[in-house]
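To start, the structure under review is shown below, and the notes come after it.
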Amino acid sequence: MATISENKKNGKTVSYRFIVCLGRNAQKKQIRRFQTWTPPEGMTPAKARKAAERAADAWEQEIRAEYQKELEAAATGQSYSLPPEKRRDDFVSFVSETWYPLYICNGDRKQTTAAYYGNITKSMTAYFKGAVLQEISPVQIQQYFQFLRKEHEAKWNKPMSSKYLHHYYGTLKNIFGYAEKNGFISKNPMNRVDAPKMVKKPVDALSPEQAAEFFKKMSACPPDFQCMLHLLITTGIRRGECIGLKWKDIDEGNAVLHIERGVAYTPKAGIIVSTPKTSTSIRTVPLMSSTLNLLQCLKQQVRTQHPNTILNDAFIFPGQDSLFSPRDPNAVTRRVKRFMKNNGLPDLSPHDLRHSCATLLLAQGADVKSVQEILGHADASTTLNFYVKADLQQMRNATEKYAAAFNL
């Protein structure tokens with residue numbers, strides 16, 4: 001028999017939720033179906049409850065009949081699936097029991113990616129709790145985005161960024177796209193929802209004057225932290241790539257750095273070591289002589305402290321447990337921010353030092369393709385869109401070169 005629960009708003013029952021268990025699958029997990037039923041306007045609570053019970057009985061009979069067809073088809077080696085127009089899947093169950101485990105946690109994605117989607121869908125499942133997947137309309141999705149904006153502004157006293165909102169849009173597009181592809185819905189409501197407009201904001205980065213002060217203050221830091229700061233701002237490597245470096249990744253003879261792994265943190269898995277962000281992130285980056293000298297000095301210090309240890313596979317910036325365990329990425333961010341604050345520098349993160357490296361390289365005349373390769377971007381358009389912005393002096397110099405070429 002289907003269980004019936006009330007969905008209430010402001011103390012008043014607005015709908016009923018039906019749940020029926022059809023059995024268990026091979027993994028001993030319950031096979032459940034869901035339905036949300038809204039009573040007609042004007043019904044007394046008692047009559048609405050009676051009507052809900054009748055609707056639940058009729059719905060359960062239909063669902064069990066369809067499930068029996070599935071079993072019979074499976075017994076003969078055939079496949080049967082309920083047509084989308086007859087399906088009434090609970091949105092929350094679809095996201096958490098179908099889309100997330102089968103599409104996100106299918107072994108093709110990193111743990112950090114799975115953690116990202118697990119976190120971003122919390123708001124969606126809370127908002128659409130009790131909703132039927134097939135009944136969610138484009139208007140309801142637009143109302144959800146409006147809710148996100150208001151909630152964010154109330155909590156943080158500032159508007160939600162277009163980039164952040166775009167993450168939610170992309171995830172919902174992914175969810176409903178998967179549902180459409182696999183026959184859960186016949187029409188994708190996201191096809192009629194406009195993507196949030198992306199507002200391009202200038203990146204946070206050090207100016208040449210601030211960078212000079214940064215290098216000056218950095219010299220007073222302990223050797224390992226000085227080395228880390230130098231790498232972040234001169235090579236543009238990501239935070240996780242930096243703390244994922246091992247001594248074997250330094251080619252002293254050719255003065256280059258091989259980036260082959262990254263370190264990340266998720267609440268579920270803790271500190272993890274994996275491949276870098278993308279395939280183009282696996283790269284070789286040139287080292288400045290000053291950076292190489294700092295690395296060599298740090299390596300000599302570590303050798304003195306650990307004379308009987310072969311450092312090849314040791315992390316350059318290890319965790320507290322041993323030379324062979326990685327450091328917590330969040331601890332690195334806190335330390336960098338503390339350094340910036342204590343030295344009167346802008347409140348920048350390790351990733352902002354990556355931005356600083358790119359803008360400083362371009363300001364010194366580096367070509368876009370070289371900067372793209374150093375940063376590990378998939379294509380030059382990313383580098384162009386993020387970092388290339390001419391100032392008035394650069395535009396004036398370009399105009400003067402044009403004038404000189406034609407004696408204007």
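Keep in mind it's a predicted model, so treat the numbers as computed, not measured. Values below: all heavy atoms of this structure, side chains included; hydrogens, waters and symmetry mates excluded.
For the pair F18/T3, no side-chain contact is recorded, criterion being any heavy-atom separation below 4.5 Å from C-beta on. In this structure, the side chains of E213 and L206 stay at 4.5 Å or more apart for every pair of heavy atoms. Contact annotation: the side chain of I272 never approaches that of Y265 to less than 4.5 Å [non-hydrogen atoms, C-beta and beyond]. With a 4.5 Å cut-off on side-chain heavy atoms, K299 and E252 count as touching. Within the 4.5 Å cutoff, the side chain of H351 has heavy atoms near those of the H355 side chain. R334 places none of its side-chain heavy atoms less than 4.5 Å from the side chain of K337.
At least one cation-pi condition fails for R327 and F315: the charged atom is not both under 6.0 angstrom from the six-membered ring centre and inside a 45 degree cone around its axis. For the pair R49 and Y16, the cation does not sit on the ring face, since its NZ or CZ is not both under 6.0 Å from the ring centre and inside 45° of the axis.
Proximity of a side-chain donor or acceptor of T36 to a complementary backbone N or O of G130 within less than 3.5 Å is detected. A donor-acceptor pair is defined here as one N or O able to donate and one able to accept, closer than 3.5 Å; no such pair exists between the side chain of T98 and the backbone of V95. Proximity of a side-chain donor or acceptor of N25 to a complementary backbone N or O of K29 within less than 3.5 Å is detected. When atom types are taken as modelled, the side chain of S219 and the backbone of K216 share a donor-acceptor pair closer than 3.5 angstrom. Judged purely by atom type and a 3.5 angstrom limit, E60 has no side-chain atom pairing as donor or acceptor with the backbone of D57. Using modelled atom types, no side-chain atom of K187 and backbone atom of Q134 make a donor-acceptor pair closer than 3.5 Å. Side-chain atoms of N10 do not come within 3.5 Å of backbone N or O of K12 as any donor-acceptor pair. Formation of a donor-acceptor pair under 3.5 Å by the N174 side chain with backbone atoms of T171 is not found in this model. Proximity of a side-chain donor or acceptor of T309 to a complementary backbone N or O of L311 within less than 3.5 Å is not detected.
Side-chain contact check for R192 and S137: no donor-acceptor pair (N or O, by modelled atom type) lies under 3.5 Å. Side-chain N/O atoms of T266 and T112 include no donor and acceptor closer than 3.5 Å. No side-chain N or O of N330 forms a donor-acceptor pair with one of T333 less than 3.5 Å apart. Inspection of the D367 and S370 side chains reveals an N or O donor paired with an N or O acceptor under 3.5 Å.
In this structure, A114 and C105 approach most closely via the heavy-atom pair CB-SG, 4.0 Å. In plain terms, the two heavy atoms of V14 and K9 that are nearest each other are CG1-CB, 3.9 Å. Nearest heavy-atom pair, I19 versus R17, reported as atom, atom and distance to 0.1 Å: CD1-NH1, 3.7 Å. Counting all heavy atoms, side chain and backbone alike, L232 lies closest to I237 at CD2-O, 3.7 Å. Looking at every heavy atom in both residues, V371 comes nearest to A366 through CG2-CB, 3.9 Å. The shortest non-hydrogen separation linking A2 to W59 is CB-CZ3, 4.2 Å.
Annotation: salt bridge (Lys or Arg N to Asp or Glu O under 4.0 Å) contacts of R239 (sequence neighbours excluded): none.
Note on ring orientation: taking the six-membered ring where Trp is involved, the planes of W99 and Y117 are perpendicular (angle over 60°, cut-offs 30° and 60°). Classification of the Y178-Y103 ring pair by plane angle, with boundaries at 30° and 60°, yields tilted. The aromatic rings of H167 and Y116 stand perpendicular to each other, their planes meeting at an angle above 60°, with 30° marking the opposite boundary. Between F339 and F225, the two ring planes are perpendicular [angle over 60°; tilted spans 30° to 60°].
Atom CG of N342 has more than 12 heavy atoms from other residues, nucleotides or ligands within 6.0 Å. By the 6.0 Å contact criterion, CD on Q305 is enclosed, its count of non-hydrogen atoms from other residues, nucleotides or ligands being greater than 12.
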Quick one: do K158 and E153 satisfy side-chain contact (heavy atoms from CB on, under 4.5 Å)? Show the steps, please. CA-CA 5 Å; K158 63 179 182 180; E153 191 154 3; over 6 Å; no
Does F214 form a side-chain contact (heavy atoms from CB on, under 4.5 Å) with S356? I'd like the steps, not just the answer. CA-CA 11 Å; F214 178 90; S356 299; over 6 Å; no
CA sep, side-chain torsions, deciding dist, call: Q111, S274, side-chain contact (heavy atoms from CB on, under 4.5 Å): CA-CA 9 Å; Q111 289 176 304; S274 65; over 6 Å; no
After noting the C-alpha distance and the side-chain angles of E373 and K369, does the key distance pass the salt bridge (Lys or Arg N to Asp or Glu O under 4.0 Å) rule? CA-CA 6 Å; E373 295 291 343; K369 184 63 179 175; 3.5 Å; yes
Show your working on side-chain contact (heavy atoms from CB on, under 4.5 Å) between I259 and I282 and close with a plain yes or no. CA-CA 5 Å; I259 298 169; I282 300 173; over 6 Å; no
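Taking the charged nitrogens against the carboxylate oxygens, K173 and E180 have no contact shorter than 4.0 Å, which rules out a salt bridge. Ion pairing between a basic and an acidic side chain is recognised when a charged N comes within 4.0 Å of a carboxylate O; D313 and K248 show such pairing.
A salt bridge (Lys or Arg N to Asp or Glu O under 4.0 Å) with R33 holds for exactly one of E66, E70, E62, E97; it is E70. Among T235, N293, T291, the single residue meeting the side-chain hydrogen bond (donor to acceptor under 3.5 Å, both in side chains) criterion with H230 is T291. The residue from Y169, F91, F128 that alone fulfils the ring pair (Phe, Tyr, Trp, His ring centres under 6.0 Å) condition with Y144 is F128. When each of K246, R283, R261 is tested with E241 by the rule salt bridge (Lys or Arg N to Asp or Glu O under 4.0 Å), just one qualifies, namely R283.
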